[in-house]
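Note sheet for the following structure.
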2 protein chains.
Amino acid sequence: MRREPDRHPPRRKSHAEAKPIPAYGPPEGSFVAGYMSYLLAQASHVYSAGVHPRLKEKSGGIAEWRVLACLVDVDGMSVSRLAELALFNQPRLSKVLDRLGAQGLIERRGDTDDRRRVRVHITPKGLALARPLIETAKQHEAEMLAGYTDEEVAAIKRMLKQIIDRSLAINTPGPPTDPSD
Amino acid sequence: MRREPDRHPPRRKSHAEAKPIPAYGPPEGSFVAGYMSYLLAQASHVYSAGVHPRLKEKSGGIAEWRVLACLVDVDGMSVSRLAELALFNQPRLSKVLDRLGAQGLIERRGDTDDRRRVRVHITPKGLALARPLIETAKQHEAEMLAGYTDEEVAAIKRMLKQIIDRSLAINTPGPPTDPSD
DNA sequence: CCGGATTGCATGAAAAGTTATGAATTAGTC
DNA sequence: GACTAATTCATAACTTTTCATGCAATCCGG
């Protein structure tokens, strides 16, 4: 049997009265509708929903894509630094790197000075895969932001960076570097 | 042995020359530093990093928390609608619901009219758990946005909602509801 | 230098998520 | 009304992530 037996009580009425509203997103005035964390998560989610299928198909997964993109920016980062940049915890990144390494897209090399560290390098094969993906991503961004002026886009990005910086400042308990900031 | 034998070539130099910069976030001018998807993901990530531990501990997981929060807003949604709202795919939500159901925090009830549908209801026990969590979330939001004026906060949220709406419009192929929009 | 604390990364076991698919029900068409 | 298509949700099989932990290398106080 598919569902529990008593989940569906006997039918109530013939078939009158319309179906509920199929609206997207949270209802106006609800908690989540105005909750910043939710808005950020939803924005991130729906904004990238359009490219993710393409990126995932080519790179083998969104996590893989993110790592490759970061490595094109900065090659040879340590594992923990790369994890931070790609927004992963360290064990997760280690395993993503295993997969990327198995495909010959990245390479781990021990740091010569601090032998605890492992530096991650993108291979030529990895670059050959990543570069076109970055173009795809840029093209998607262009489409998504077509309705905004350059100034508006700049303002949006500035605002996001500010949110990021402030969050980091709050989350980082250390003594304030400068109270006048 | 822990790593591949040849990962660490012989040490290079005594110990002069400083260690690399430990900066947080992507380097200025890099691709990801200005890539909207990344900014949104990073903002979402670091912004909520502060509450997530607390919410997770109390609710059993961030996914669980999101579902409960949505249900406090709107009780009795269908599974697919709730999945959409909580930003999960349907099978994932089904499993989150299994867990929540096992703890007696939610209940599934078959829709009387359309017997394919299953409506999800939060239980009194679930409410008792969720309400304080929402307070925690609100408190966190207050802390995080303390540096902004009410108007600035409103502007930020409006901006995010606009990004969401536009993304949805672009991702939804259907004919434009109103070309004059 | 020596020993304890710390850092950087990997890894194993357990938990959670994903993909593909199936079953039940309803909708639509002729 | 019967038949096919479409919707809604669950589930099984497989993959990925997480949590905790271990080991090696460095750091640091004496």
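In what follows, chains are A, B, ... by sequence order, proteins preceding strands, each numbered from 1. Worth knowing before you read on, the calculation uses all heavy atoms, side chains too, and leaves out hydrogens, waters and symmetry mates.
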Next item on the list: Would you tell me if any nitrogen or oxygen in the side chain of Arg115(B) comes within less than 4.0 Å of OP1 or OP2 on dA23(C)?
Entry: no

Note to self: With a 4.5 Å cut-off on side-chain heavy atoms, are Leu93(A) and Leu97(A) touching?
What the structure shows: yes

Next item on the list: Assess the pair Tyr47(A) and His140(A): is the distance between their ring centroids shorter than 6.0 Å?
Entry: yes

Item checked: Protein-nucleotide distance (Arg117(B), atom CZ; dA6(D), atom C1'), rounded to Å -> 13 Å

Notebook entry, point to check: How long is the gap from OG1 on Thr136(A) to CD on Glu57(A), to the nearest 0.5 Å?
Noted result: 10.5 Å

Next item on the list: State whether a side-chain donor-acceptor pair under 3.5 Å links Ser80(A) with Glu84(A).
Entry: no

Notebook entry, point to check: Taking C-beta and beyond as the side chain, do Val72(B) and Phe31(A) meet within less than 4.5 Å on heavy atoms?
Noted result: no

Margin query: Using a 3.5 Å distance criterion without hydrogens, assess whether the side chain of Arg66(A) forms a donor-acceptor pair with backbone atoms of Ala86(A).
Written below: yes

Margin query: Looking at dA24(D), I'd like to know if its phosphate oxygens (OP1 or OP2) sit under 4.0 Å from a side-chain N or O belonging to Arg116(A).
Written below: no

Next item on the list: Please state how far atom CD1 in Ile62(B) lies from atom C1' in dT17(D), giving the value in whole angstrom units.
Entry: 15 Å

Check: Would you say dG8(C) has OP1 or OP2 under 4.0 Å from some side-chain N or O of Ser78(A)?
Finding: no

Margin query: Report for the helix from dC1(C)-dG30(D) to dC30(C)-dG1(D): angle between first-end and last-end helix axes, five pairs each, rounded to 10 degrees.
Written below: 40°

Next item on the list: Would you check if Ser59(B) and Leu133(B) make a side-chain contact, meaning some heavy-atom pair closer than 4.5 Å?
Entry: yes

Checklist line | Interatomic distance, Leu93(B) CG vs dT11(D) C1' [rounded to whole Å] | finding: 14 Å

Item checked: Ala43(B) versus Leu160(A), closest heavy-atom pair with distance -> CB-CD2, 4.3 Å

For nucleotides 19-21 of chain C, which of its nitrogen or oxygen atoms have a protein nitrogen or oxygen under 3.5 Å away, and what is each distance?
unit_1  : atom_1 : unit_2   : atom_2 : d
dT19(C) : OP1    : Lys56(A) : NZ     : 2.9

Checklist line | Residue Val96(B), side-chain atoms from C-beta onward, closest of dT8(D), dG17(C), dT26(D) | finding: dG17(C)

Check: Rounded to the Å, how far apart are His45(B) NE2 and dT17(D) P?
Finding: 14 Å

Item checked: Spacing between Gln103(A) atom CD and dT15(D) atom C1', to the nearest angstrom -> 14 Å

Checklist line | Lys/Arg N to Asp/Glu carboxylate O, Glu152(A) vs Arg166(B), below 4.0 Å | finding: no

Margin query: Distance check needed: dA6(D) P versus Asp114(B) CG, whole Å only.
Written below: 17 Å

Margin query: For a quick check of understanding: with a heavy-atom distance under 4.0 Å over all strands, which category does Ser94(A) fall into, base, sugar-phosphate or nothing?
Written below: base

Next item on the list: To the nearest Å, give me how far apart CE (Met77(B)) and P (dC9(D)) are.
Entry: 12 Å

Notebook entry, point to check: dA10(D) P sits how many Å from Leu82(B) CG, rounded?
Noted result: 11 Å

Checklist line | Nucleotide nearest Ala63(B) when distance is taken to its side chain, options dT25(C), dG17(C), dT17(D) | finding: dG17(C)

